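Heads up, the thing below is written out as structure tokens.
So that the names make sense, note that chain A is the first sequence line, chain B the second, and so on, each numbered from 1. Note that the structure is predicted; figures quoted are calculated from it, not measured.
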Amino acid sequence: MLSDANLAAILLTLKLATLVTVILLLVGTPIAWWLARTRSWWKGPISAVVALPIVLPPSVLGFYLLVAMGPNGPVGRLTQALGLGTLPFTFAGLVVASVFYSLPFVVQPIQNAFEAMGERPLEVAATLRAGPLDRFFTVAVPLSSPGFLTAGVLGFAHTVGEFGVVLMIGGNIPGVTRVVSVQIYDYVEAFEYADAHILSGIMLAFSFTVLLAMYLLNPTRTHK
Amino acid sequence: MIRARFELAFPGFALDVDLDLPGRGVVALFGHSGSGKTTLLRAIAGLEKVPGGFLEVNGAVWQDATTFLPVHKRPLGFVFQEASLFPHLSVRANLAYGMRRVPAARRKVSLAHAVELLGIGPLLDRMPGHLSGGERQRVAIARALAVSPAILLMDEPLAALDLARKQEILPYLERLHEELEIPLVYVSHAPDEVARLADTLVAMERGRVVAQGPLSETLARLDLPIRLGEDAGVVLEGEIAELDADWHLARVAFPGGGLWVRDSGLAVGRHVRVRVLARDISIALTPLADNSILNVIPATVEQLADETHPALALVKLDAGGAPLVARITRRSAAKLQLQPGMKVWAQIKAVAVVG
């Protein structure tokens, strides 16, 4: 039922989303922690920057990333100096762009969970001899686990669903940057509706399933 | 010995204390909400950073100009108003959380002892969500004890509980007091808790200490009872001296006299605390035989003071060494022509055994 091209696109998409989700959980957690607890003036501006991808057209984000990572951009110069070449139209470039694109979907649920937890459990842990890192891993993370679950699911699903940024940064290279959403676009452009239907159906089923699983696993507290 | 100096100014609130507290027994930080008692306790714990403060606990400096020991390095136990158990951990794991982080050589209170003291053996495998409020607070107290603290700090641990749950926990707190050598600093706005538990009283108002000293002495100072209103009264310590089986009464003897109380099954020789409220004492110049009041004891007027209500006066009495405070009307005081040094009879209408 699945052609090799479709299978390749699906596997590439899953690989991209998995990698991006892992990176986002690692990068997003400290940002969420800082945003949840800081009283600094910088909280507003940083929050706004993190949330930008929610409102910005993906083409705008993609355009700036393309310029920055291109041969004459600051990131591009750095990667070239390090002997890595330039990132646009590579899988690595796609990963970097996707991390920016999906950042708010990971940071915000974790930040909300940290804020909902409040200061008290951490104070209790401190009076029970737990140092800062100890408190974070043994109290903050377990108590915020629903937030992490939501963050992981949204980060993954949002990366799977991206299109505009991929097109700008990744292009459309089979097996390297041609993810499912781009593949579907190609099929539609070529009037190959049967293949478009198959991939679109898979995407729809996948998105519904992960969101359903998230809401079932994460019942809101008001149910009690 | 606890030496604490803290000055802190928020908009609308200032804390300004300079305290020397005994490093043993129960110290009650007493005051209305907003008096700064909780802020002071949190400053002692290091949960509230008070720049420029000084704190020394039993010879160890926890805070001075150059030192600020972080909370997790202070050998203290802390019980919050809400039990704040870790909801993701069982009772057993909650108890073990702090204990595991204390080096074995420094553990003085065994888990078994803490469990036994608070009577939580049957709860160990339950999750906090399935405990009653009183049970949760007992687990929280045991959890704080299990770190073998050099000092135990409690922030209104009973305030969130109803009367029945309070009565459930108070005996356990008294056991801690009797069986452990750990000094306890106990924040409360409830005079009955203070009367029952405290050895030393620190009364606070608007961020300042307004009275401080041994419990019965401080309660008998007339400047404090004025502030206590209906709760003004003294606490006396004595022993059950005899029982009157016919009438179900027990006599509590203290230096200078004795008081008959209802026999609640206490054995002769048992050390007890009784609380006598100022509003339950009236004054007579001669001992009247024809009234129902059981406890009529001779006393000397020491001092008179106005109460906040213009109709009332407070009279401090010396009953053979035991301080009493009576609240009477100013008209009565004038009619009896009460003055310091006068011999009178204190008629005590009610005496409560509080512990």
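Checking side-chain atoms of B:S90 against main-chain N and O of B:A93 turns up a donor-acceptor pair under 3.5 Å. For the pair B:D199 (side chain) and B:V26 (backbone), a donor-acceptor distance under 3.5 Å is present.
For a heavy-atom cut-off of 4.5 Å, chain A lies close to B:R42, B:L47 in residues 37-47 of chain B. Heavy-atom neighbours of chain A within the stretch residues 118-134 of chain B, taken at a separation under 4.5 angstrom, are nonexistent. Residues of residues 126-139 of chain A lying under 4.5 angstrom from chain B, judged on non-hydrogen atoms, are A:A126, A:T127, A:L128, A:R129, A:A130, A:G131, A:P132, A:D134, A:R135, A:T138, A:V139 in numerical order.
Cation-pi check for B:R74 over B:F68 is met; the charged atom lies under 6.0 angstrom from the ring centroid and within 45 degrees of its normal.
Of the charged side-chain nitrogens involved, none lies within less than 4.0 Å of a carboxylate oxygen, so that B:E193 and B:R196 do not count as a salt-bridged pair. Taking the charged nitrogens against the carboxylate oxygens, A:E119 and A:R37 do have a contact shorter than 4.0 Å, which makes a salt bridge. A salt bridge does not link B:R138 with B:E135: none of the charged nitrogens is closer than 4.0 Å to a carboxylate oxygen.
No part of B:V79 comes within reach of chain A, as not one of its non-hydrogen atoms sits under 4.5 angstrom from that chain.
Under the ring pair (Phe, Tyr, Trp, His ring centres under 6.0 Å) criterion, A:F163 pairs with A:Y185, not counting sequence neighbours.
Counting heavy-atom pairs closer than 4.5 Å to chain A, the top residue among B:P87, B:P70, B:A146, B:S84 is B:S84. Ranked by heavy-atom pairs under 4.5 Å with chain A, the list B:A144, B:A140, B:G77, B:P75 is led by B:P75.
The number of heavy-atom neighbours closer than 6.0 Å to NZ of A:K15, taken from other residues, nucleotides and ligands shown, is 12 or below.
The two residues B:I151 and B:W62 come nearest to each other via the heavy atoms CG2-CH2, 3.6 Å. The shortest non-hydrogen separation linking A:A32 to A:Q111 is CB-N, 3.6 Å.
For the residue pair A:S98 and A:T159, no side-chain donor N or O sits within less than 3.5 Å of a side-chain acceptor on the partner.
In this structure, the side chains of B:E116 and B:R175 come closer than 4.5 Å at one or more pairs of heavy atoms. Considering only heavy atoms from C-beta on, A:F89 stays 4.5 Å or farther from A:T177 through its side chain.
Taking the six-membered ring for Trp and thresholds of 30 and 60 degrees, B:F30 and B:H32 have ring planes inclined between 30 and 60 degrees apart.
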